[in-house]
Amino acid sequence: MTDHARPPLSVLFVCLGNICRSPMVEGAFRAAAENAGIEARVDSVGTAAYHIGEPPDSRAIATAMAHGVDIAALRGRQLQPQDFYEFTHIFALDTANLAGVKAQEPRDASANVSLLMDAVEGRSGEPVPDPYYGDESDFQAVWAEIQTAVAALVKAFEESGAEARF
Ligand code: 4NP
């Protein structure tokens, strides 16, 4: 195993562009973890390079803000090999994103890689659909799905900490 410093729990969310879904779940999970007293490094990335350095989509910022979560300062970043050693958990938002993550996964990677909705009982294998070409209602639907997943993650990490597996 590569010897990178690793905090007890570190969670990375991955979508395609890192401007819609993954910044929303990054903000939602960070807020929920703080509320629950869970210490974690939290970040998000895209599998694609389209939006490196950009803030989240204005609709994602507005949706999160409507729920008291400010994600305006986040900036787009692309998944890199080191992420597989630095994070204990990597959650892909949809199956294409999961395939993109798996395609880059180093042989000796230590992170637990899964689909986000795998954390939710009865929802395993389900995607959080891409809202980029949708409208405001699609962003609200994403937020609702994210809340369900975040609640399940908080419960699992409260129970098992960084040993939680998905
Ligand atoms: P995200 O949404 O993966 O949830 O950030 C998208 C953002 C940008 C693009 C596609 C999806 N794009 O094609 O630029």
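Computed from a predicted model, the values in this text were never measured in an experiment. Atom set for the values below is all heavy atoms of this structure, side chains included, hydrogens, waters and symmetry mates excluded. Counting starts at 1 for both ligands and their atoms, in listed order.
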Mind telling me whether Phe166 and His89 have parallel, tilted or perpendicular rings, with 30° and 60° as the class edges?
perpendicular
For a quick test of reading the model, state the closest non-hydrogen atom pair linking Pro8 to Thr88 and the distance between them.
O-CG2, 3.7 Å
Taking NZ, NE, NH1 and NH2 as the nitrogens, is one of them in Arg21 or Asp94 under 4.0 Å from a carboxylate oxygen of the other?
yes
Taking every non-hydrogen atom, the tightest pair across Cys15 and Asn97
CA-OD1, 3.4 Å
Within the heavy-atom cut-off of under 4.0 Å, ligand 1 is lined by Cys15, Leu16, Gly17, Asn18, Ile19, Cys20, Arg21, Tyr50, His51, Asp130, Tyr132, Tyr133
Ionic contact status for Arg123 with Glu126, cut-off 4.0 Å
yes
Under a 4.0 Å N-O cut-off, is there an ion pair linking Glu34 with Arg30?
no
